[in-house]
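Here's the structure we're looking at; comments come further down.
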Amino acid sequence: MVQDRVTRITTTPVAFHDLPLLNTVGVHEPFALRAIVEVETAAGLTGLGETYGDEAHLARLRGAADALIGTEVFALNDAAARVTRVLAADTTTGGHGMSGMVTGSSTADRVLSPFEVALLDIQGKTVGRPVSDLLGGRLRDRVAFSGYLFYKWAGHPGAPADEWGAALDPDGIVRQARTMIDRYGFGALKLKGGVFPPEEEIAAILALRAEFPDLPLRLDPNAAWTVETSVMVGKALAGVLEYLEDPTPGIEGMAEVARQVPMPLATNMCVVAFDDVPPAVRADAVGVVLSDHHFWGGLRRSQLLAGLCRTFGLGLSMHSNSHLGISLAAMTHLAAATPNLDYACDTHWPWKRADEDVIKPGAIGFVDGAVAVPDGPGLGVELDRDALGRLHEQYLSCGLRNRDDTGYMQTVDPSYRAVSPRW
Ligand SMILES: O=C([O-])[C@@H](O)[C@@H](O)[C@H](O)[C@@H](O)C(=O)[O-]
Ligand SMILES: [Mg+2]
């Protein structure tokens, strides 16, 4: 048996331009941060992974990288054990890339994820097959994504309006949806809520429904509402939403809402780790789990989650944060090989500049709201070293070291506080 081992791992933080997208904890800063992981092997292969770029996470990635030197490239269980061992002594907190929105996910899973993806990329290159084949084989050639709408300012404070302009009311949201559908062809829409009083967000959803009568719609206020408010919104949008995402904090609150609203509740906040599954199932708190390989421990552990969802009769969708092409490729391979991925996946892709990425152009992109599963070996995307260098320089010069939507909002409104629930 020919073995190949990890000889070197490089973790490079990068920053790419982001727009002033509003959410319930504040507003996106001018740059989003990511970390790009390159795993090199004795046989001369390189695998790629992408993850959050917050400082504490970067430090944990570097500690894990040291512990992974010497790992055999097919030994994913050994890789997971090494990461768990090295993190056992870690007492640092934060750095989860969510700006205070999700805190309960497993640190070990978040750290393992980019290395697992990179090792799968290497395995695929070793055997000459796409990652989706290593995950059991693709069940679809194209993976559908949803158009992710955000309330937004016209531009960053002090800067001219960006190409999307303002979206601060139902008309602005409908306009944004139209542009996004014209550009990308999405067949489902998600509105990030929790920004304005719920009545205004209900009006925005009803305006979307009037404009796009056939498209599945979702609303996600990131736990900005009390149980009572969530029930009010759920009833007002009966028959309009395919699911209501994280209306209220915690499994108990979600269960209370679930008992009183007609549509399924979805979550990427109260079920974010395997330990959350039993209590959520017992309480019947959610109907849909949004998986995310970046915090569920990689692609294979996301498949484990998919199996649990099937076992317990839960729907499965996919969560996203601001990301680049390596993540998009990994999400696409995973989704293609997951039988019960019942919904179009989330993606922040439209919000990044088309000319800013760390992969060479052409391998991956959107047509009719879907991404074709890359056919090349591994993830099927290639690192653009010059682009990586440019985005790393941008990281060094941009001054941001942690995602801080709340702090950025406070530069505009010093009285602003991130509270949950807000209404
Ligand atoms: O990017 C954002 O502002 C989102 O609110 C993101 O941070 C969430 O994690 C996410 O998209 C969600 O579905 O909750
Ligand atoms: Mg969400």
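- Looking at R401 and E55, no side-chain N of the basic residue comes within less than 4.0 Å of a carboxylate O on the acidic one, giving no salt bridge.
- Side-chain contact of S317 with Y243: a donor-acceptor pair under 3.5 Å is present, judged by distance alone.
- With no hydrogens or angles considered, a side-chain donor-acceptor pair links N23 and D405 at under 3.5 Å.
- Classified by interplanar angle (parallel below 30°, tilted 30° to 60°, perpendicular above 60°), the ring pair H348/H28 is parallel.
- Taking 4.0 Å as the cut-off between side-chain N and carboxylate O, E245 and K190 count as a salt-bridged pair.
- Using a cutoff of 4.0 Å between basic side-chain nitrogens and carboxylate oxygens, R60 and D90 are scored as salt-bridged.
- Remark: aromatic rings of Y184 and F145 are distant, center separation not under 6.0 Å.
- A salt bridge does not link R5 to E72: none of the charged side-chain nitrogens sits closer than 4.0 Å to a carboxylate oxygen.
- Checked by atom type and distance alone, the side chain of E116 never pairs as donor or acceptor with a backbone atom of G298 at under 3.5 Å.
- The side-chain tip of R34 points at the ring of Y52 from less than 6.0 angstrom away and within 45° of straight on.
- Side chain of S113 to backbone of D109: no donor-acceptor contact under 3.5 angstrom is found.
- Between the CZ atom of R178 and the CG atom of L208 there is a distance of 10.5 Å, given to the nearest 0.5 Å.
- Judged purely by distance below 3.5 Å, without hydrogens or angles, the side chains of H319 and D346 never pair a donor atom with an acceptor atom.
- With 3.5 Å as the limit, one finds a donor-acceptor pair spanning the side chains of D4 and T41.
- In this structure, a donor-acceptor pair under 3.5 Å is present between the side chains of Y148 and K192.
- For the pair K352 and D18, the salt-bridge criterion is not met [side-chain N within less than 4.0 Å of a carboxylate O].
- Looking at Q303, its side chain never comes within 3.5 Å of a backbone N or O of T338 through a donor-acceptor pair.
- With salt bridges taken as basic N to acidic carboxylate O contacts below 4.0 Å, none links D66 and R62.
- Tested against L217 for a side-chain contact (heavy atoms from CB on, under 4.5 Å), the candidates L189, L191, L237 yield a single pass: L189.
- Checked by atom type and distance alone, the side chain of D413 pairs as donor or acceptor with a backbone atom of S415 at under 3.5 Å.
- The aromatic rings of W351 and F150 sit perpendicular to each other, their planes meeting at more than 60°, with 30° as the lower class boundary.
- Rounded to the nearest 0.5 angstrom, L341 CG and L316 CG are separated by 5.0 Å.
- Side-chain atoms of D121 come within 3.5 Å of backbone atoms of L48 as a donor-acceptor pair (strictly under, hydrogens ignored).
- Using a 3.5 Å distance cut-off with no hydrogens or angles, the side chains of H57 and T51 do pair a donor with an acceptor.
- A distance of 6.0 Å or more separates the ring centres of F16 and F31.
- When atom types are taken as modelled, the side chain of R209 and the backbone of L215 share a donor-acceptor pair closer than 3.5 angstrom.
- For residues 163-173, the side-chain hydrogen bond (donor to acceptor under 3.5 Å, both in side chains) pairs, not counting sequence neighbours, are E163-R183.
- R403 and E29 are not joined by a salt bridge, as no carboxylate oxygen comes within less than 4.0 angstrom of a charged side-chain nitrogen.
- One N or O on the side chain of T406 and one on the backbone of V25 form a donor-acceptor pair closer than 3.5 Å.
- With 3.5 Å as the limit, one finds no donor-acceptor pair spanning the side chains of H323 and E50.
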